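Notes follow the structure.
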Number of protein chains: 2
Amino acid sequence: MNSNTYSTVGSFGKKRISESTIHRLSRYYRTLSVLEKEGLQTVSSKDLAKREKLTPAQVRKDLSFFGSFGTRGLGYPVTELKHQMASILGIDRLWRVALIGVGNIGSALVGYKEFARQGFNIIKLFDNDQRKIGSNHKGITISDVRNLERDLKEARIEMVIIAVPATVAQYIIDDVVKAGIKAILNFAPANLKVPNDVFLRNENMSMELEYLSFALVNNHAQKK
Amino acid sequence: MNSNTYSTVGSFGKKRISESTIHRLSRYYRTLSVLEKEGLQTVSSKDLAKREKLTPAQVRKDLSFFGSFGTRGLGYPVTELKHQMASILGIDRLWRVALIGVGNIGSALVGYKEFARQGFNIIKLFDNDQRKIGSNHKGITISDVRNLERDLKEARIEMVIIAVPATVAQYIIDDVVKAGIKAILNFAPANLKVPNDVFLRNENMSMELEYLSFALVNNHAQKK
DNA sequence: TTAACTATGTGAAAAGGTTCACAAAAGTAT
DNA sequence: ATACTTTTGTGAACCTTTTCACATAGTTAA
Ligand SMILES: NC(=O)c1ccc[n+]([C@@H]2O[C@H](COP(=O)([O-])OP(=O)(O)OC[C@H]3O[C@@H](n4cnc5c(N)ncnc54)[C@H](O)[C@@H]3O)[C@@H](O)[C@H]2O)c1
Ligand SMILES: NC(=O)c1ccc[n+]([C@@H]2O[C@H](COP(=O)([O-])OP(=O)(O)OC[C@H]3O[C@@H](n4cnc5c(N)ncnc54)[C@H](O)[C@@H]3O)[C@@H](O)[C@H]2O)c1
């Protein structure tokens with residue numbers, strides 16, 4: 001019921017996988033990329049755990065939901081485990097992504113190389129500002145948001161990033177949903193409604209600053 | 001041990017408050033601001049829960065960690081509860097914030113009005129690019145990162161936002177820590193080390209895209 | 001080939017977070 | 001005033017996630 005509550009997407013076999021586990025897989029993937037560059041052949045759950053500030057048991061448990069990737073007495077093969085993580089996360093392929101709202105944050109995201117490196121290709125941009133529409137931004141022409149539904153379908157977009165003001169975000173989302181999009185990353189601070197079969201993730205930077213503020217004001221013991 | 005693991009900062013009285021609860025307080029705060037603008041005098045845990053897609057019990061439990069703010073039979077006074085949330089989160093005051101790395105994402109953050117509205121005042125900017133140093137960005141002169149430690153102390157900075165390339169983030173963090181800063185929001189995708197008395201939060205947008213990717217590939221049942 | 005290590009994979013236990021359920025307290029209507 | 005309704009605040013129950021602990025299986029060294 002709560003987006004933070006025991007939230008699980010899907011099931012590998014009959015098992016349900018928690019949001020925390022999926023986020024840790026992302027972290028393992030990035031760390032494994034680093035280890036690969038460092039020339040390491042294998043890594044133990046202990047080593048990986050140390051880098052991620054986790055327990056070795058947590059690492060093994062996370063991986064065990066998806067298979068047996070290690071060798072007892074030795075550890076996990078770095079490159080292979082990296083590929084496994086990519087496969088599980090679905091980033092061993094290209095994703096066709098559109099971004100709506102080419103303003104301050106939107107522009108920053110469009111040029112972000114890390115997204116492309118992980119297979120997220122921002123190939124369509126939309127805005128409602130006449131001065132921006134038709135202009136070229138990092139090689140992509142900005143389209144008029146008025147044809148959003150049609151253009152998303154035409155370009156066979158699979159994911160959408162929303163970077164418009166909070167006041168209009170729901171209208172945009174409604175059109176995005178109509179276009180059949182099932183995955184949305186939203187940067188507008190608003191409680192947006194989507195049907196049950198659409199995945200919506202919210203990125204809220206104020207929340208993290210507020211967490212820091214809370215921690216400072218209450219001068220609180222750091223976990224571990 | 002894990003940054004996602006039962007992570008709790010501090011204690012109100014003897015109670016430990018979970019990260020989830022603090023994040024929900026942020027959401028309550030934002031929603032209460034909206035309700036206040038809508039002219040509502042009181043709100044019940046049921047109403048608030050509906051807006052946040054939580055259970056009423058969750059709302060009441062979260063609030064109960066910090067006090068009794070409601071009136072039985074009536075609900076919570078909107079404006080007062082908003083102020084209470086602000087006070088608990090520590091955003092009923094101004095925070096002196098510095099941002100390091102005025103590039104794509106850094107520039108976007110500097111101009112973001114929502115931060116200032118919640119008391120986070122970005123009053124110092126740092127970069128190592130000679131073309132940027134000395135120039136004015138949204139009314140703030142960009143300082144040379146070489147004097148980082150000295151300048152952070154001089155400006156009595158309390159929080160730092162890091163938006164430099166991942167390769168240099170650890171060096172920057174080390175200087176920031178030396179300057180006595182106890183709260184850092186980091187946008188670089190890297191496993192950064194800080195002493196135990198420094199709060200470090202990481203904002204990782206790739207992670208959310210990867211979550212969506214996982215959800216799509218495994219075509220998974222949405223929670224609830 | 002054997003002995004001594006090392007490290008995985010996983011049930012079970014422990015810890016943490018959410019929801020239930022209800023007494024208590026206040027509002028509302030008559 | 002009294003009965004009835006509404007809604008809070010909270011221990012207890014419930015559910016999820018993490019950690020423990022160990023059997024198992026592979027490596028390494030002599
Ligand atoms: N700037 C930041 O650092 C930051 C950080 C976190 C969240 N956000 C959020 O991201 C969103 C965008 O912020 P920003 O700072 O980039 O604002 P911005 O005003 O710079 O950009 C918004 C863009 O959306 C476009 N737009 C407006 N209405 C539109 C519509 N109906 N259809 C299509 N495009 C439309 C505007 O033309 C503009 O290009 C906001 O919701 C903001 O709260 C921004
Ligand atoms: N652009 C995005 O949308 C985005 C999204 C998520 C995360 N990030 C992360 O944020 C960071 C910055 O990304 P960006 O896209 O803004 O990159 P960028 O190259 O546009 O900006 C980096 C800025 O840091 C400055 N810099 C470099 N070395 C420095 C040093 N030693 N001291 C001080 N300043 C220094 C550069 O001069 C530049 O202004 C990166 O770690 C990136 O991975 C970016």
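The model shown is predicted, which means the values in this text are computed figures rather than measured ones. We use all heavy atoms of the structure for the numbers below, so side chains are in, but hydrogens, waters and symmetry mates are not. Lettering follows sequence order; numbering is per chain, from 1.
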Quiz item: Quick one: A:Leu74 CG to D:dA29 P, roughly how many Å, whole number?
Solution: 12 Å
Quiz prompt | Heavy-atom pair with the smallest gap, counting every atom of B:Val217 and A:Gly90 | solution = CG2-CA, 3.6 Å
Self-check item: Closest contact, heavy atoms only, A:Ile105 versus A:Met205
Solution: CD1-CE, 3.9 Å
Quiz item: Nearest of D:dG26, D:dC20, C:dC20 to any side-chain atom of A:Ala57?
Solution: D:dC20
Practice problem: Go through the side-chain N and O atoms of B:Tyr28 and B:Asp62 and say whether any donor and acceptor fall under 3.5 Å apart. | Solution: yes
Quiz item: Among A:Lys124, A:Arg96, A:Arg93, A:Lys153, which one satisfies salt bridge (Lys or Arg N to Asp or Glu O under 4.0 Å) with A:Glu158?
Solution: A:Arg93
Quiz item: Can you tell which of C:dT19, C:dT18, D:dT19 lies closest to the side chain of A:Thr55?
Solution: D:dT19
Quiz item: Rounded to whole angstroms, how far apart are CD on B:Glu19 and P on C:dG17?
Solution: 10 Å
Quiz item: Below 4.0 angstrom from OP1 or OP2 of D:dG9, is there any side-chain N or O of B:Tyr76?
Solution: yes
Quiz item: Can you name the side-chain hydrogen bond (donor to acceptor under 3.5 Å, both in side chains) partners of B:Arg156, sequence neighbours left out?
Solution: none
Self-check item: Side-chain H-bond candidate by donor/acceptor type, B:Ser45 with B:Arg60, under 3.5 Å
Solution: yes
Exercise. Starting at atom CD of B:Gln58, determine the distance to atom P of D:dC15, rounded to an integer number of angstrom.
Key: 16 Å
Quiz item: Does a distance-only test, which skips hydrogens and angles, find a donor-acceptor pair under 3.5 Å between the side chain of B:Arg72 and the base of D:dT7?
Solution: no
Self-check item: Pair listing, side chain to side chain donor-acceptor pair (under 3.5 Å) test, anchored in residues 81-92 of chain A, at least two apart
Solution: A:Glu36-A:Lys82
Exercise. Return the set of residues passing ring-ring contact (aromatic ring centres under 6.0 Å, His included) with B:Phe187 (not counting sequence neighbours), or none when no residue passes.
Key: none
Self-check item: Stepwise salt bridge (Lys or Arg N to Asp or Glu O under 4.0 Å) test for A:Arg201 and A:Glu19
Solution: CA-CA 12 Å; A:Arg201 304 289 300 177; A:Glu19 175 173 324; 3.1 Å; yes
Quiz item: Can you tell which of C:dT18, D:dT27, C:dT10 lies closest to the side chain of A:Ser64?
Solution: C:dT10
Self-check item: Whole angstrom value for the distance that separates C1' of D:dT19 from NZ of A:Lys61
Solution: 9 Å
Quiz item: Between atom CZ in A:Phe66 and atom C1' in C:dT10, what is the gap in whole Å?
Solution: 16 Å
Quiz item: Could you state the CZ-P distance from B:Arg16 to C:dG17, rounded to the nearest angstrom?
Solution: 9 Å
Quiz item: For B:Lys178, which residues count as a salt bridge (Lys or Arg N to Asp or Glu O under 4.0 Å) partner, sequence neighbours excluded?
Solution: B:Asp175
Exercise. Go through D:dT27, C:dT18, D:dT18 for me and flag the one nearest to the A:Arg24 side chain.
Key: D:dT18
Practice problem: Would you mind reading off the distance between A:Ile22 atom CD1 and D:dT18 atom P, rounded to a whole angstrom? | Solution: 12 Å
Practice problem: State, to the nearest 10°, the angle formed by the axis through the first five base pairs of the helix from C:dT1-D:dA30 to C:dT30-D:dA1 and the axis through its last five. | Solution: 20°
Quiz item: Within this structure, what is the CZ-to-C1' distance between A:Phe69 and C:dT8, rounded to whole angstrom?
Solution: 13 Å
Self-check item: Whichever of B:Arg60 and B:Gly73 has its nearest DNA chain D nucleotide further upstream toward 5'
Solution: B:Gly73
Quiz item: Hey, can you pull the residues of residues 38-48 of chain A with a non-hydrogen atom under 4.0 angstrom from DNA chain C?
Solution: A:Ser44, A:Ser45
